[in-house]
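FYI, side chains are in, hydrogens and waters are out, and symmetry mates aren't considered; it's all heavy atoms of this structure. Start at 1 and go down the list; that is how both ligands and their atoms are numbered.
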Amino acid sequence: MKDCIFCRIISGEAPATIVFADEFVTAFYDIHPITPVHILVVPNEHIESVNEVEEKHAALLGHMIVVARQLAFANGLDQRGYRLVINTGPEAGQSVFHLHLHLIGGRRMPFRFQ
Ligand code: 5GP
Ligand code: ZN
């Protein structure tokens, strides 16, 4: 998808600080972090949102969580705690329509949802 910023990051056309990449996913720092650790774990395949997820993507979504868990450990968050968030659609505030998992942590997050 040539107009998709995350596809452009994955292909190397747009800059980002990439912290992990393999055949299936790419992870990079969010450009506007809301917590001291704020990493996006993104499938290399362009999937717009959870609304477009199908059974064939099940292993890919599981892999995204395994990678997020590894990055949580690498950033010292495993004992402190962290959140994995996937915003879907306008009322959830999704702003980039390429599926992504937010790994946020490194400070206390006092509200269940904010
Ligand atoms: P959403 O609001 O769709 O759940 O999350 C999109 C996230 O992507 C936001 O947290 C935003 O800061 C981040 N973002 C948007 N454009 C870029 C970009 O060009 N580079 C990086 N690294 N993050 C981006
Ligand atoms: Zn894309």
(request) Could you grab the angle centred on the Zn ion (ligand 2), going from SG in C7 to ND1 in H98, to 10°? (result) 110°

(message) Return the CD1 to CD1 distance between I39 and I104, rounded to the nearest 0.5 Å.
(response) 11.5 Å

(request) Kindly say whether the aromatic ring centers of F6 and F97 come within a distance under 6.0 Å. (result) no

(message) If we ignore hydrogens and angles and just use 3.5 Å, is the side chain of Q94 paired with the main-chain N or O of G89 as donor and acceptor?
(response) yes

(request) Taking the Zn ion (ligand 2) as the reference point, name the nearest N/O/S atom of H46. (result) ND1

(message) Once rounded to the nearest 0.5 Å, what's the spacing between atom CD1 of I86 and atom NE2 of H100?
(response) 8.5 Å

(request) Please confirm whether the backbone N or O of M109 pairs with a side-chain atom of R83, one donor and one acceptor, at under 3.5 Å? (result) yes

List of N/O pairs, ligand 1 versus protein, all under 3.5 Å?
{"from": "ligand 1", "atom 1": "2 (O)", "to": "G93", "atom 2": "O", "distance (Å)": "3.0"}
{"from": "ligand 1", "atom 1": "2 (O)", "to": "S95", "atom 2": "N", "distance (Å)": "3.4"}
{"from": "ligand 1", "atom 1": "2 (O)", "to": "S95", "atom 2": "OG", "distance (Å)": "2.9"}
{"from": "ligand 1", "atom 1": "3 (O)", "to": "S95", "atom 2": "N", "distance (Å)": "2.7"}
{"from": "ligand 1", "atom 1": "3 (O)", "to": "S95", "atom 2": "OG", "distance (Å)": "3.3"}
{"from": "ligand 1", "atom 1": "3 (O)", "to": "V96", "atom 2": "N", "distance (Å)": "3.0"}
{"from": "ligand 1", "atom 1": "3 (O)", "to": "H100", "atom 2": "NE2", "distance (Å)": "3.0"}
{"from": "ligand 1", "atom 1": "4 (O)", "to": "N87", "atom 2": "ND2", "distance (Å)": "2.8"}
{"from": "ligand 1", "atom 1": "4 (O)", "to": "H100", "atom 2": "NE2", "distance (Å)": "3.0"}
{"from": "ligand 1", "atom 1": "4 (O)", "to": "H102", "atom 2": "NE2", "distance (Å)": "2.8"}
{"from": "ligand 1", "atom 1": "5 (O)", "to": "H100", "atom 2": "NE2", "distance (Å)": "2.9"}
{"from": "ligand 1", "atom 1": "5 (O)", "to": "H102", "atom 2": "NE2", "distance (Å)": "3.2"}
{"from": "ligand 1", "atom 1": "10 (O)", "to": "D30", "atom 2": "OD1", "distance (Å)": "3.2"}
{"from": "ligand 1", "atom 1": "10 (O)", "to": "D30", "atom 2": "OD2", "distance (Å)": "2.5"}
{"from": "ligand 1", "atom 1": "12 (O)", "to": "D30", "atom 2": "OD1", "distance (Å)": "2.5"}
{"from": "ligand 1", "atom 1": "22 (N)", "to": "Y29", "atom 2": "O", "distance (Å)": "2.8"}
{"from": "ligand 1", "atom 1": "22 (N)", "to": "I31", "atom 2": "N", "distance (Å)": "3.4"}
{"from": "ligand 1", "atom 1": "23 (N)", "to": "I31", "atom 2": "N", "distance (Å)": "3.3"}

(request) Check whether any side-chain heavy atom of L84 lies under 4.5 Å from a side-chain heavy atom of H102, and answer yes or no. (result) no

(request) Mind jotting down which residue pairs meet the salt bridge (charged side-chain N to carboxylate O under 4.0 Å, His left out) criterion with at least one end in residues 14-36? Sequence neighbours excluded, please. (result) none

